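One structure is given below, encoded as structure tokens.
Chain identifiers are assigned alphabetically (A, B, ...) following the order of the sequence lines, protein sequences preceding nucleic acid strands; residue numbering begins at 1 within each chain. Please read these numbers as outputs of a predicted model, since none were measured by experiment.
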Amino acid sequence: MVFFALLLVLMFLALVVQHLIAPVPMLGARVLLMQMVMLYGALALPLPGMLAVTFAGGLMWDALHTQWAGDNVGERQVEIAMGWSIVLYAALGTIMNGFRPLFLRGRWEIHCLLTGICTSAMVLAEYLMLTLRRQPIAFVFDLPVWWKIGGAGVLATLLAPLFFFLLNYVALLTGYDPQPEQKPRTLQR
Amino acid sequence: MIKDKLNYIIGGGFFLVLIGVFVFFSSPVRTQRVQAGFLGMISPFLKQGSGLQKKYTGLREGLRTLEQLDGEVKRLRVANKELSATNQMLRGLEAENNRLRNSLGYQEKAVFQLMPARIIARDASTWYQKIVIDRGKAELIEPDMPVLTPEGLVGKTTVVGEHSSQVVLISDENCRVSASIEGTREQGIVKGERAAGAGMPAIGLGFLSKQAVKTKTVRIGANVFTSGVGGVFPYGVMIGKVRELKERELDGYATLTPAVDFSAIEDVFVVVGETK
């Protein structure tokens with residue numbers, strides 16, 4: 001419970017810090033810190049915890065990024081309704097949670113890669129949602145778009161081991177073992 | 001078996017909560033209220049973070065030799081004198097312009113009432129172009145107020161918190177501005193590109209007449225100003241310069257270089273009213 005609460009606080013702080021990090025030069029891709037902490041939570045916590053962190057993550061993201069459209073005063077409408085990020089994050093969180101048995105046994109490599117894939121999927125889904133919402137509907141998939149989508153995933157994959165290590169350490173400090181089935185490593189002769 | 005059942009119940013409960021969320025946020029008023037509340041909650045942290053970032057960059061950039069500083073002071077003194085002189089001259093021209101307008105029966109051109117604001121955060125998402133400023137409801141900021149710098153138009157306020165507001169930049173596809181090209185009768189709509197590259201964002205001016213592009217009535221490098229149509233942006237604010245022209249199937253289209261470097265601005269002004 002302490003770790004769960006701490007994870008929510010860390011997600012909030014990651015969201016703040018995320019605002020201070022500029023896009024990666026040349027790529028234009030963003031470092032999505034909050035989403036990384038959330039995906040770790042989806043992995044380290046059981047189903048109710050996963051749903052709670054994805055709910056909190058989606059709500060915080062939408063509260064800050066729901067866009068208002070309308071050209072004239074008094075014509076403002078929400079572009080993509082609040083709550084869609086919760087659906088997206090919960091779906092991706094479920095995929096992460098599906099790989100939890102492997103994580104419990106002490107493996108993390110595939111999960112780092114999965115963090116990158118899920119991050120790219122989030123950016124792609126956001127792009128598709130706003131493309132379908134805006135008129136005229138035009139699926140522009142040029143190089144800058146792919147760099148933004150893929151770049152975010154690559155950055156997440158590269159940063160994930162560090163995040164997993166630090167958050168595992170924090171979890172153990174709070175008395176929660178995220179990988180209880182991990183066998184102690186022994187040197188085989 | 002029991003665990004599976006429990007998971008189904010939890011999943012079902014989550015689904016119901018989700019429906020509740022969609023129903024709750026179906027009202028724009030409630031959405032705006034929640035957004036404003038969350039912005040108010042996060043903005044003290046953003047202010048602190050932005051202050052720390054400024055201190056750090058200030059420290060990094062502030063390490064200069066005395067010689068460099070001396071040179072800079074001299075340069076700034078000269079620039080200051082030049083600007084004072086220009087300002088003096090423009091004041092004279094403004095007065096003359098107003099006199100002439102009056103004599104022609106026009107209303108004296110309104111001067112904006114501006115509220116200075118500091119940028120405390122830039123948008124963290126990939127597809128939106130927004131900034132957060134440190135002024136909100138308490139400073140009489142309202143949604144849909146134009147935001148500008150001395151160089152030109154920046155955007156308009158959207159979500160307004162107690163002491164902070166979100167500003168959607170003109171480089172965002174959602175911020176549309178009616179504009180006119182200097183020296184021509186051409187008018188169109190300026191909007192950002194959906195997926196601009198990593199560098200300076202390009203903005204486009206659409207709905208120009210095809211004739212203007214064909215006959216080159218519109219020149220490359222021509223200034224583009226707000227036309228004042230639509231009720232949000234005042235007339236005559238600089239938007240950018242024409243960089244490229246092309247003829248589309250139904251209209252003419254100009255790619256613009258924005259007058260404002262959105263990645264470098266630190267302070268902006270919100271147009272809170274007009275003074276007569």
Side-chain angles (χ1 to χ4, degrees), chain A residues 12-13 15-30 32-34 47-48 51-52 55 59-74 76-79 81-84 86-87 90 123 126-127 130-131 134 138 140-145 147-149 152, chain B residues 3 6-7 10-11 13-14 17-22 24-26 28 30-32 34-35 37-39 41-42 45-46 48-50 52-53 120-128 130 132 143-144 158-159 166 168 172-178 189 193-199 230-232 263:
Chain A
F12 180 78
L13 291 177
L15 188 63
V16 173
V17 174
Q18 208 167 304
H19 280 83
L20 307 173
I21 303 173
V24 177
M26 309 299 284
L27 299 182
R30 291 269 177 185
L32 300 174
L33 293 179
M34 191 274 282
L47 183 79
L51 289 176
F55 183 86
L59 198 64
M60 283 199 288
W61 189 253
D62 276 354
L64 270 185
H65 296 108
T66 295
Q67 185 94 317
W68 290 83
D71 300 335
N72 302 322
V73 177
R76 307 174 81 241
Q77 274 184 333
V78 173
E79 193 175 38
M82 261 180 93
W84 279 109
I86 303 174
V87 177
V123 182
E126 276 179 5
Y127 183 67
L130 67 89
T131 297
R134 288 179 187 173
V140 182
F141 280 104
D142 53 8
L143 211 55
V145 172
W147 274 123
K148 282 182 179 184
I149 295 166
Chain B
K3 202 183 162 192
L6 197 69
N7 280 349
I10 291 166
F14 183 77
V17 171
L18 215 53
I19 290 172
V21 167
F22 280 115
F24 181 81
F25 289 116
S26 60
R30 279 199 289 258
T31 305
Q32 192 137 38
V34 169
Q35 278 194 293
F38 190 70
L39 189 65
M41 203 167 101
I42 201 170
F45 296 95
L46 291 176
Q48 287 294 326
S50 143
L52 280 173
Q53 200 180 28
I120 55 171
R122 285 162 211 281
D123 199 68
S125 68
T126 311
W127 308 114
Y128 302 122
K130 284 188 286 188
V132 182
D144 285 327
T158 52
V159 178
Q166 279 184 349
V168 60
D172 191 292
E173 198 188 9
N174 251 337
C175 185
R176 284 170 238 203
V177 189
S178 58
I189 305 280
E193 285 178 1
R194 190 168 303 172
V232 176
S263 61

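The aromatic rings of A/Phe12 and B/Phe45 sit perpendicular to each other, their planes meeting at more than 60°, with 30° as the lower class boundary.
With contacts defined as side-chain heavy-atom distances shorter than 4.5 Å, the pair A/Leu64/B/Gln166 qualifies. Using a 4.5 Å heavy-atom cutoff, the side chains of A/His65 and B/Trp127 are not in contact.
Contacts between A/Ala90 and chain B at a heavy-atom distance below 4.5 Å involve the side chain alone, from C-beta outward. With a threshold of 4.5 angstrom between heavy atoms, A/Pro23 does not approach chain B through any atom at all. Only the side chain of A/Val78 comes within contact range of chain B, with at least one heavy atom under 4.5 Å from a heavy atom of that chain. Neither the backbone nor the side chain of A/Leu33 comes within less than 4.5 Å of any heavy atom of chain B. In this structure, chain A has a heavy atom under 4.5 Å from the side chain of B/Leu18, while its backbone stays farther away. Residue A/Trp84 touches chain B through both its backbone and its side chain, counting heavy-atom pairs closer than 4.5 Å. Within the 4.5 angstrom heavy-atom criterion, only side-chain atoms of A/Leu59, from C-beta onward, approach chain B. Contact of B/Val168 with chain A is made through the side chain alone, with heavy-atom distances under 4.5 Å. Residue contact with chain B, scored on non-hydrogen atoms closer than 4.5 Å, is absent for A/Met34.
For the residue pair A/Trp68/B/Gln35, the side-chain donor-acceptor check at 3.5 Å is satisfied.
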